[in-house]
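Below you'll find the structure I mean.
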Amino acid sequence: MYTSRVLEGSNLSAILYPPFRKVNFASAPAVVLVSSQLRELWTAVPDEDTFCAGVGAAIKARHELTENQRKALPKNPNFHEFDTPWRRSLYYTWNHVFFDVARFLVEVGPGIGDFVPPSHEVFPLHLSDTNDTAIMKAWDTNVFLIFAHLQNNVAIRAAIVEDTSDKSEKPLGVFDKLNNSEIWFIKKGVKVKLYVEHDNETDTQSLAAVMVVGIISTDEQQYVLEDESEADVQPDSEVRGTE
């Protein structure tokens, strides 16, 4: 895995406690497997045996199929309802992804907090006839954010709102079907605006996306930083690590 960050300044505190991090987990096969299968299973139609066996068994069974065999499986036509018993069990399983990413991030730097599973919440994003749909989100703890479901031809663009007027924005990143091995870390209290973008062929009656949030137990204690005002550090914005 590796991470890149958005800085609010050049002093030591801003560097150690960035408001936003992207974590790319493409080099972590277990995380890639679980996340990709959870997204495929969101559209699955589990029979009674599969439902009773649980998500882990379903992931293992699908992993043993070829890609064409998985594509041939029946799909749930219900793309407008995000809260069903099966889908709730999928959201719960995202805790495995959050745990692995948290374990990586605490090796990168301080201020991440502790992720104690299960600790998650879910919210849907809806479509409109225009591309200017946006919602504002902020959390009272540090969080992870990733999509559990994303409709075809939809992208979720994020920006930090930088002032009290909610008009000044700093671009953060985009979730789309090509960017499927990335998860975001967002610091407590940071206001993030999520834009839903789509083309004219997108089904506006279905959900644009379902986002799953990993809630981190934020450590309120800050490290004592000596001579912080004199720090003039300009690090590379990308920090790499090994899993």
Identify, with sequence neighbours excluded, every residue that meets side-chain hydrogen bond (donor to acceptor under 3.5 Å, both in side chains) alongside His96.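 Per chain and number, His96 pairs via side-chain hydrogen bond (donor to acceptor under 3.5 Å, both in side chains) with no residue.
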
Under a 4.5 Å cut-off applied to non-hydrogen side-chain atoms, are Phe123 and Lys137 in contact?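 The answer is yes; the side chains approach within 4.5 Å.
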
Could you check if a side-chain atom of His120 sits within less than 4.5 angstrom of a side-chain atom of Val213, using non-hydrogen atoms only?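 The answer is no, as the side chains (C-beta and beyond) never meet within the 4.5 Å cut-off.
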
What residues, two or more places apart in sequence or in another chain, satisfy side chain to side chain contact (heavy atoms under 4.5 Å, CB included) together with Asp83?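 Counting only residues at least two positions away or on another chain, Asp83 forms a side chain to side chain contact (heavy atoms under 4.5 Å, CB included) with Arg88.
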
Restricting to side-chain hydrogen bond (donor to acceptor under 3.5 Å, both in side chains), what partner residues turn up for Ser89, sequence neighbours left out?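 Ser89: no side-chain hydrogen bond (donor to acceptor under 3.5 Å, both in side chains) contacts found.
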
Exam field: side chain Asp114 to backbone Val116, donor-acceptor pair closer than 3.5 Å: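 It does not hold such a pair.
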
With Asn78 via side-chain hydrogen bond (donor to acceptor under 3.5 Å, both in side chains) - residues at least two apart: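 Result, side-chain hydrogen bond (donor to acceptor under 3.5 Å, both in side chains) vs Asn78: His80, Glu81.
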
Please check this pair: side chain of Asn76 against backbone of Thr43, looking for a donor-acceptor N/O pair closer than 3.5 Å.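 No, Asn76 side chain to Thr43 backbone: no donor-acceptor pair under 3.5 Å.
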
Other ILVMFWY residues reachable from Leu65 by side-chain steps of under 4.5 Å: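 For the cluster that includes Leu65, the remaining residues are Leu73.
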
Here's a test for you: under ring pair (Phe, Tyr, Trp, His ring centres under 6.0 Å), which of Phe104, Phe98, Phe99 qualifies with Phe115?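 For Phe115, the ring pair (Phe, Tyr, Trp, His ring centres under 6.0 Å) check succeeds only for Phe98.
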
Are Phe147 and Val174 connected into the same hydrophobic cluster when the rule is that any two of I, L, V, M, F, W, Y join if their side-chain heavy atoms are below 4.5 Å apart?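 Val174 and Phe147: separate clusters.
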
Any link between Trp86 and Val212 through a network of hydrophobic side chains (Ile, Leu, Val, Met, Phe, Trp, Tyr) touching at under 4.5 Å?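 Same hydrophobic cluster.
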
My understanding is that only residues two or more places apart in sequence, or in another chain, count here; which of them pass ring pair (Phe, Tyr, Trp, His ring centres under 6.0 Å) with Phe185?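 If we apply the ring pair (Phe, Tyr, Trp, His ring centres under 6.0 Å) test to Phe185, skipping adjacent residues, there are no hits.
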
Assess the residue pair Leu105 and Phe144 against the criterion (side chain to side chain contact (heavy atoms under 4.5 Å, CB included)); give the C-alpha distance rounded to whole Å, side-chain angles, the decisive distance to 0.1 Å, and a yes or no. CA-CA 11 Å; Leu105 272 185; Phe144 295 121; 3.6 Å; yes

Answer yes or no: are there more than 12 heavy-atom neighbours, outside Gln69 itself, under 6.0 Å from its atom CD?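 Yes.
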
Pairwise side-chain contact, Leu127 with Gln151, heavy-atom cut-off 4.5 Å (strictly under):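 Contact flag for Leu127/Gln151 side chains = yes.
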
With sequence neighbours excluded, residues passing side chain to side chain contact (heavy atoms under 4.5 Å, CB included) with Val32: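 Listed in chain order: Phe25, Ser181.
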
Can any side-chain N or O of Asn180 pair as donor or acceptor with the backbone N or O of Ser35 at less than 3.5 Å?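 No, the answer is negative, given that no donor and acceptor are paired below the 3.5 Å cut-off.
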
Cluster question for you: counting only ILVMFWY and a side-chain heavy-atom cut-off of under 4.5 Å, with indirect links fine, are Val55 and Phe51 together?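 They do share one cluster, since a chain of ILVMFWY contacts under 4.5 Å joins Val55 to Phe51.
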
Show me the pairs that pass salt bridge (Lys or Arg N to Asp or Glu O under 4.0 Å) and involve residues 31-45, at least two apart or across chains.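 Every salt bridge (Lys or Arg N to Asp or Glu O under 4.0 Å) pair that includes a residue of residues 31-45, provided the two are not neighbours, is Glu40-Arg62, Glu40-Arg70.
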
Which heavy atom of Asn95 sits nearest to which heavy atom of Ser119, and what is that distance?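 Here Asn95 and Ser119 meet closest at OD1-N, 2.8 Å.
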
Which value, rounded to the nearest 0.5 Å, describes the distance between Gln37 atom CD and His63 atom NE2?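 These two atoms lie 7.5 Å from each other.
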
Side chains of Trp184 and Leu172: does their closest heavy-atom pair fall under 4.5 Å?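 Side-chain contact under 4.5 Å: no.
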
Using a 6.0 Å cut-off, check whether atom CZ of Phe79 has over 12 heavy atoms from anything other than its own residue.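 Buried by this count: over 12 neighbours within 6.0 Å.
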
Please name all residues satisfying side chain to side chain contact (heavy atoms under 4.5 Å, CB included) with Ala159, sequence neighbours left out, ordered by chain then number.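 Checked Ala159 against side chain to side chain contact (heavy atoms under 4.5 Å, CB included); matches are Glu169.
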
Just to verify, what does Val106 make a side chain to side chain contact (heavy atoms under 4.5 Å, CB included) with, not counting sequence neighbours?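 By the side chain to side chain contact (heavy atoms under 4.5 Å, CB included) rule, Val106 matches Ile112.
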
Ring pair (Phe, Tyr, Trp, His ring centres under 6.0 Å) partners for Trp139, two or more places apart: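 Not a single residue meets the ring pair (Phe, Tyr, Trp, His ring centres under 6.0 Å) criterion with Trp139.
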
List the atom of Asp100, the atom of Met1, and the distance in Å for their closest heavy-atom pair.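 Shortest heavy-atom separation between Asp100 and Met1 comes out as O-CE, 4.0 Å.
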
Side chain to side chain contact (heavy atoms under 4.5 Å, CB included) between Met211 and Ile135, intermediate numbers included: CA-CA 12 Å; Met211 311 300 293; Ile135 66 167; over 6 Å; no

Going by side-chain hydrogen bond (donor to acceptor under 3.5 Å, both in side chains), name the residues that satisfy it together with Asp49, two or more places apart in sequence or in a different chain.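 Not a single residue meets the side-chain hydrogen bond (donor to acceptor under 3.5 Å, both in side chains) criterion with Asp49.
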
Do the side chains of Val210 and Trp42 get nearer than 4.5 Å, heavy atoms only?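 Yes. Closest side-chain heavy atoms under 4.5 Å.
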
When rounded to the nearest 0.5 angstrom, what distance separates NZ in Lys22 from CD1 in Ile183?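 It comes to 14.0 Å.
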
Heavy atoms only: give me the nearest Lys187-Pro18 pair and the separation to one decimal.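 The pair with the smallest heavy-atom distance is CD-O, 3.8 Å.
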
Carefully, step by step, assess His126 and Leu207 under the rule side chain to side chain contact (heavy atoms under 4.5 Å, CB included). CA-CA 5 Å; His126 299 277; Leu207 289 170; 3.4 Å; yes

State, with a plain yes or no, whether a side-chain heavy atom of Leu150 is found less than 4.5 Å away from one of Lys177.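 The answer is yes; the side chains approach within 4.5 Å.
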
Between CD1 of Ile186 and CD1 of Ile160, what distance do you get to the nearest 0.5 Å?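 Taking CD1 in Ile186 and CD1 in Ile160, the distance rounds to 8.0 Å.
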
Shortest non-hydrogen contact between Gly113 and Ile216, atoms and distance: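 That would be C-CG2, 3.6 Å.
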
Is Phe82 reachable from Tyr92 through a run of I, L, V, M, F, W or Y residues, each pair having side-chain heavy atoms under 4.5 Å apart?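 As far as the 4.5 Å side-chain criterion goes, Phe82 and Tyr92 are not connected within one cluster.
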
Quick check: closest heavy atoms across Pro29 and Ser27, and the distance to 0.1 Å?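 Looks like CD-O, 3.3 Å.
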
So how far is it from Asn152 CG to Asp176 CG, rounded to the nearest 0.5 Å?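 Spacing of CG (Asn152) from CG (Asp176) equals 11.5 Å.
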
So does Lys60 have more than 12 non-hydrogen atoms from other groups sitting under 6.0 Å from NZ?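 It does not: Lys60 NZ has 12 such atoms or fewer within range.
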
